[in-house]
Amino acid sequence: MSSPRLEPGSSALRVLVGVSGGIAAYKAVELVRLLKKEGHSVRCALTRAAGAFVTPLTLEVLSGHRVYQEEYLAGDGSGEELHITAAEWADVICVAPATAHTIARFANGLADDFLSTTVLAFDGPLVLAPAMHSIMWRQESVSANVARLRERGVTLVGPAVGPLASGDVGIGRMVEPAEILATINGLQEPGPLAGRRVLIAAGPTREALDPVRFISNRSSGKMGFALARAAVARGAAATLVAGPVSLPSPPGVERVDVTSAEEMAAAVRIAAPQADLIVMAAAVADFKPTSVRTSKIKKSEGGLDSIELERTEDILAGLRAIAPKAVIVGFAAETDDLLSNARSKRVGKDVDFIVANDVSRADIGFEGDHNEVTVVGGDTETRFERQSKSALAERLIDHVSRALVDRERQPA
Ligand code: PMT
């Protein structure tokens, strides 16, 4: 099995998801959803038996393409050999779940249905997610088929140990879709950030007043999480220091959860020296209460009439000293004089780029799914028009990665 036929640097794959007839077929729906969310293109092929567990319509809606079924082996009247078309389209074929019967057909080169015929016509990477009862998984015949497939370079993900459809517990459970996604992502050509470590800080911080109350801001973490996802998609090892947000971790990211500015500073200080690229997208509190009460402040005490604040540590300003070779990117959340504030911040904090966004606008910045920024560098200022934070994150990572590559080319 050769590696994916990918344009160099492409971060998206064309994945043909084959579904065979096991109870775990319902998880194929989540796998298709995750693959699409990751930016991959997806088509599906259902075996006859799988049709009893999951409907073609569900997969058709999620993948955005008709689902290949048994009858397509006879063609669709267009004269096209659809199994050849499907095999030529796919960068990767992933069969999840892969039943013992399907594994046996692949191991023995059978081509008696659409999926096995397409697999036989495919010379790219094949990923199988086995699913069967433990007794079957341990059968000598199944072990021999699995060994033959592994010898040919087929990737098996799982099976996992856990509750089985029969109610027993043992090996044979299909792994979770997120694990299959991570395996498929790992098949991509090494991206421009392969071998690099990226540190992203995201979300707000919370500065406690008493055990109940705190000072915070409207950051949702979406911008930073999208940046971490984009870095991983380009092959980086990403550490995401996250303030209190309600977002799932992007697959493949090492997440460090923090609450206060002080905790965020400590977490960033630990990861920064190893980082090649650091992006401070977090909305770190500039101030915190000078004292935190151990019991809830009573309104009757008037303890909330005025709150004494002190400055927090400026994490961004301290990064150059602990990560002298890294490309350091700060953000600027401004409500006026956007570019002049960003330019002075970039110089004042000794960083390579400041990503400036106008947070007085309701349609970009905090909380929403869109942003519009100007990236202020040493000798460039690049505007990125309003777009989704996930699309913008891809472009921002590509933009600042070029500085990383240029820096690495400079003589030591
Ligand atoms: O999280 P979302 O809802 O998606 O919203 C995204 C965002 C609006 C939060 C993001 O795009 C953004 O602007 N993040 C920076 C917000 C911020 O704190 O900007 P600032 O101008 O106050 O801070 C300037 C820079 O210094 C930032 O990189 C910040 O991370 C950093 N900083 C600030 C204070 C502090 N004590 N230490 C810091 O490192």
Side-chain angles (χ1 to χ4, degrees), residues 8-11 38-39 182 185-186 188-203 221 223-243 249-258 264-282 284 314-332 342 345-347 349-356 373 375-380 382 384 389-390 392-412:
S10 159
S11 64
E38 196 73 8
N185 284 342
Q188 291 169 297
E189 289 293 314
L193 289 180
R196 271 83 169 211
R197 297 202 60 81
V198 175
L199 169 60
I200 312 273
M223 189 74 250
F225 275 57
L227 287 161
R229 190 177 296 116
V232 168
R234 280 150 182 73
T239 299
L240 173 61
V241 177
S249 300
V253 163
E254 180 201 354
R255 177 175 177 168
V256 179
D257 286 304
V258 297
M264 186 169 277
V268 166
R269 223 184 344 263
I270 289 169
Q274 293 79 29
D276 300 295
L277 168 63
I278 305 171
V279 185
M280 286 295 295
V284 189
D314 187 336
I315 304 168
L316 182 66
L319 286 177
R320 182 61 68 202
I322 58 175
K325 293 195 173 61
V327 170
I328 302 173
V329 183
F331 270 68
K345 263 181 188 170
R346 194 193 71 77
V347 173
K349 296 176 187 267
D350 188 12
V351 298
D352 298 285
F353 297 97
I354 285 283
V355 180
V373 303
V375 180
V376 175
D379 47 15
T380 58
T382 311
F384 293 89
K389 284 178 178 175
S390 50
L392 176 62
E394 304 261 347
R395 298 172 77 179
L396 288 178
I397 290 292
D398 289 342
H399 186 78
V400 299
S401 297
R402 280 192 281 276
L404 182 59
V405 173
D406 292 348
R407 178 160 305 177
E408 287 170 349
R409 284 198 190 122
Q410 284 166 5

Leu396 and side-chain contact (heavy atoms from CB on, under 4.5 Å): which partner among Leu392, Asp398, Val400?
-> Leu392
Go through the structure and list residues passing salt bridge (charged side-chain N to carboxylate O under 4.0 Å, His left out) with Arg269, not counting sequence neighbours.
-> Glu313
Nearest heavy-atom approach of Ala202 to Gly224 is CB-CA, 3.6 Å
Go through the structure and list residues passing side chain to side chain donor-acceptor pair (under 3.5 Å) with Ser249, not counting sequence neighbours.
-> Arg255
Could you list the donor-acceptor pairs under 3.5 angstrom formed between side-chain atoms of residues 322-331 and any protein atom two or more places apart in sequence or on another chain?
none

For the student: nearest non-hydrogen atoms of Ala332 and Ile354, plus distance | CB-CG2, 3.6 Å
Decide, yes or no, whether a salt bridge links Asp406 with Arg409 under the criterion of side-chain N to carboxylate O below 4.0 Å.
-> yes
Student check: side-chain heavy atoms of Val256 and Thr239 closer than 4.5 Å | yes
How many angstroms lie between atom CG of Leu199 and atom CD of Glu254, to the nearest 0.5 angstrom?
-> 9.5 Å
Does Arg320 reach the side chain of Lys349, with side-chain heavy atoms less than 4.5 Å apart?
-> no
Can you find a heavy atom in the side chain of Leu193 that is under 4.5 Å from one in the side chain of Ile397?
-> yes
In this structure, which one of Val376, Val355, Asp352 forms a side-chain contact (heavy atoms from CB on, under 4.5 Å) with Arg346?
-> Val376
For Arg402, side chain to side chain donor-acceptor pair (under 3.5 Å) partners two or more places apart | none
Residues at least two apart in sequence or cross-chain that pass ring-ring contact (aromatic ring centres under 6.0 Å, His included) with Phe353, listed by chain then number, are His399
Sorted by chain and residue number, the salt bridge (charged side-chain N to carboxylate O under 4.0 Å, His left out) partners of Arg196 (sequence neighbours excluded) come out as Glu408
Is there a side-chain contact between Pro250 and Leu240, using heavy atoms and a 4.5 Å cut-off?
-> yes
List the atom of Ala226, the atom of Ser390, and the distance in Å for their closest heavy-atom pair.
-> CB-CA, 3.9 Å
Shortest non-hydrogen contact from Val198 to Ile200?
-> CG1-CD1, 3.7 Å
Which donor-acceptor pairs under 3.5 Å do side chains of residues 274-281 form with protein atoms, sequence neighbours excluded?
residue, atom, partner, partner atom, Å
Asp276, OD2, Arg197, N, 2.8

Kindly write out the residues that satisfy side chain to side chain donor-acceptor pair (under 3.5 Å) with Ser401, not counting sequence neighbours, or none if the list is empty.
-> none
Minimal non-hydrogen separation, Lys389 against Met223, with atom names = O-CE, 3.6 Å
